[in-house]
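Each remark here refers to the structure printed beneath this line.
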Amino acid sequence: MTVDSTAPSQPAIENLLAERRTFPPDPAFTAQANAKASLYEEADRDFEAFWARIARERVDWTKPFEQTLDWQLPFAKWFIGGTLNISENCVDRHVKQGLGHKVAYHWIGEPGDTRTITYADLLREVQKAANALKELGVKTGDRVAIYMPMIPELPVAMLACARLGAAHTVVFGGFSAEALAGRINDAEAKVLITADGGWRRGKATPLKPAADEAIANAPTIEHVLVVQRLGDAAETSMTEGRDVWWHDIVGRQPETCSPVPVDSEHLLYLLYTSGTTAKPKGIVHTTAGYLVGTSFTHEMIFDVKPDDVYWCAADIGWVTGHSYIVYGPLANATTGVLYEGTPDTPAWDRWWQIVEQYKVSILYCAPTAIRAFMKQGEEHPAKHDLSSLRVLGSVGEPINPEAWLWYQQNIGGGKTPVVDTWWQTETGMILITPLPGVTTTKPGSATFPFPGIEADVVDNEGRSVPLGGGGYLVLKRPWPAMLRGIYGDPERYQETYWSRFPGMYFAGDGAKRDEEGYFWLLGRVDDVMNVAGHRISTIEVESALVDHKKVAESAVVGKNDPLTGQAIFAFVILKAGVEPSDGLGIELREHVAKVISPIARPKFLMFTPDLPKTRSGKIMRRLLRDIAEGRTLGDTTTLADAGVVDAIRERSGAAEE
Ligand code: WTA
């Protein structure tokens with residue numbers, strides 16, 4: 001163990017900030033880097049030819065593709081005519097090339113139990129699980145819902161679906177029964193794969209009861225496959241004829257199961273994400289383009305080499321886990337770390353202990369985690385030898401320069417490149433990012449579009465804003481891992497992403513570019529909040545509140561928060577005759593946690609007699625945001641009743657949790 005006495009203190013970081021320092025690549029890193037500046041030139045010359053080359057080089061095709069791209073705006077098809085199986089590309093081919101002994105995942109349970117899964121193990125387990133799914137009636141083209149903690153059976157389940165050409169829809173284990181049921185119903189999933197529970201913050205946390213509650217309202221589910229993680233630590237009831245234990249059915253399956261070759265555009269998975277309405281959208285991802293995009297970006301942006309130990313600390317339930325824990329890294333035969341628990345259990349140095357023990361060389365996490373570590377103090381990382389780290393990544397929300405510098409100095413020893421990566425569930429792969437060894441970074445900027453990606457910042461009319469100015473982030477060209485649509489709703493797809501600025505993909509984010517063309521992401525410009533890197537729609541939370549029998553109306557806004565980026569602030573109008581009280585405030589917050597997820601529980605809740613509305617009846621969220629932030633109010637002349645604002649403000653002192 002080494003203690004780095006040179007870790008800079010906060011004033012030192014402030015000096016760095018004041019200097020507006022830039023970080024050119026270290027020549028020693030550049031000399032060995034996977035990414036080369038020439039990639040930008042190659043992609044600029046002919047972006048289709050660029051992606052075609054990569055697709056030919058990286059994918060084992062069962063039938064080669066004939067055409068690179070068919071672009072009928074906004075509907076894209078990539079690598080047309082090709083067939084492949086993604087599980088074969090992620091597992092079988094590595095074993096065939098002699099990498100069966102290589103570790104695919106070092107799994108670490110929160111209580112300290114561990115499992116080592118090699119590529120040979122993964123191949124065997126995926127085939128057995130695929131055979132079990134077949135026995136349960138799953139066929140090519142079906143959908144399978146997955147609701148699990150962070151255990152090795154989760155990636156195994158995803159790959160088993162993909163092996164059969166069945167689409168998975170993973171629902172984050174922290175979501176409620178109601179949220180799970182909504183997703184199962186939209187996807188019309190036939191089988192649910194879940195677990196008795198997992199370990200979280202030192203406690204056995206059951207999952208099966210929520211799964212049962214969901215299935216009661218999800219008639220398409222025929223069978224439930226249940227992994228035993230907690231065993232005696234949970235009481236799990238199984239429904240005869242419907243539920244089967246994973247170890248019973250998977251355990252007795254044959255160890256081989258041929259991968260089903262599917263079309264390049266075959267549905268790989270659905271992942272539901274919050275939009276600007278109460279109903280989450282099923283984002284559609286297909287097979288070949290997604291594999292090409294995630295594996296190539298993973299190798300270039302994280303500079304992954306055969307000996308690296310790579311740890312993406314997201315949950316597989318989010319897109320970051322799909323693309324950069326499962327598909328991208330496995331396609332590259334990477335050794336990864338998979339950790340079940342939270343960063344504070346049993347103590348705040350848990351991550352750093354894992355980095356030291358497994359010699360993690362690449363770490364990818366969210367600014368929220370970094371800010372939480374900053375708050376706990378640099379003594380926690382300083383207790384451990386973190387010298388194995390050579391690349392650090394950030395994702396999910398804008399990273400403030402202080403957090404960027406703290407990360408680089410205290411975790412990266414002041415020497416590692418930091419890659420701040422911008423992307424979305426919809427984009428499937430990272431789109432705006434530095435390339436380590438190539439890009440000079442600026443703390444807080446995601447820098448430039450990845451080779452082959454055309455991003456721009458436009459004004460209200462869709463005109464490109466000159467360098468130095470801000471506006472809306474748009475993408476002007478298709479990319480291989482892009483969403484193919486919203487499940488079952490092509491009109492909503494067109495409307496949500498392609499109609500605000502005709503011909504361009506509207507990401508929903510604000511951005512500015514500095515004089516040197518660096519992109520600086522400014523957060524969402526729509527009714528989506530970003531709380532600790534999780535996307536939550538204001539309207540979803542409002543619907544959950546109004547769903548409570550004592551609530552007449554509500555309005556929800558995101559309030560700036562030093563730790564979680566944004567925090568949820570709910571304004572609530574009670575039904576006539578109901579008296580506001582602290583107890584009711586707690587009850588309503590809990591209600592939201594139950595209906596959606598604890599991640600959506602409002603941090604602030606204010607009872608109000610009315611809400612500020614325009615004459616046409618629209619809630620004035622901008623005004624509510626100002627109230628939530630305690631800012632001086634702007635122009636209120638479109639208000640129906642200006643007195644409402646005063647009434648709300650008078651109460652705002654009592655709003656904090
Ligand atoms: C935000 C997560 C700034 C952004 C991969 C985007 C970011 C939303 C960054 C997508 C970043 C993600 N800098 N903002 N590096 N990365 N975002 O779908 O608002 O969960 O639209 O995908 O997160 O969130 P999602």
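Keep in mind that this is a model prediction, so the values were computed, not measured. First listed ligand is number 1; within each ligand, the first listed atom is number 1.
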For [atom], find the nearest protein heavy atom and state the residue, atom name and distance (0.1 Å precision).
atom: atom 3 (C) of ligand 1; result: P398 N, 3.1 Å
atom: atom 23 (O) of ligand 1; result: G396 O, 3.2 Å
atom: atom 11 (C) of ligand 1; result: E397 O, 3.5 Å
atom: atom 4 (C) of ligand 1; result: D509 OD2, 2.9 Å

CD1 on I301 to OG1 on T439, rounded to 0.5 Å: 9.5 Å
Just to verify, which of D420, T22, D514, T447 counts as forming a side chain to side chain donor-acceptor pair (under 3.5 Å) with K442? D514
Examine the side chains of [X] and [Y] and answer whether a donor and an acceptor come within less than 3.5 Å of each other.
X: T169; Y: Y487; value: no
X: N460; Y: R500; value: yes
X: Y272; Y: T425; value: no

Would R484 and E426 pass as an ion pair if we require N to O under 4.0 Å? no
If the cut-off is 4.0 Å to any non-hydrogen atom of [X], which atoms of ligand 1 fall inside it?
X: V395; answer: 5 (C)
X: V319; answer: 5 (C), 22 (O)
X: N530; answer: 1 (C), 23 (O)
X: T421; answer: 9 (C), 11 (C), 15 (N), 16 (N)
X: T320; answer: 5 (C)
X: D420; answer: 11 (C), 15 (N)

Give the contacting part of [X] toward ligand 1: side chain, backbone, both or neither, where contact means a heavy-atom distance below 4.0 Å.
X: T425; value: both
X: V528; value: neither
X: I432; value: neither
X: I399; value: neither
X: R535; value: side chain

Please determine whether side-chain hydrogen bond (donor to acceptor under 3.5 Å, both in side chains) holds for the pair T334 and N332, giving the CA-CA distance in whole Å, both sets of side-chain angles, and the decisive distance to 0.1 Å. CA-CA 5 Å; T334 306; N332 292 331; 4.9 Å; no
Y269 vs H322 aromatic rings, parallel, tilted or perpendicular, using cut-offs 30° and 60°? tilted
Could you check whether the rings of F506 and Y472 sit parallel, tilted or perpendicular, using 30° and 60° as the cut-offs? perpendicular
S394 N/O to ligand 1 N/O under 3.5 Å: no
I want to know if ligand 1 touches T273 in the polar sense, i.e. an N/O pair below 3.5 angstrom. no
Are W318 and ligand 1 in contact, using a heavy-atom cut-off of under 4.0 Å? no
Hey, does the Lys NZ or Arg CZ of R183 hover above the aromatic six-ring of F175, less than 6.0 Å from the centre and inside 45° of the axis? yes
Assess whether atom NZ of K36 is packed by more than 12 heavy atoms of other residues, nucleotides or ligands within 6.0 Å. yes
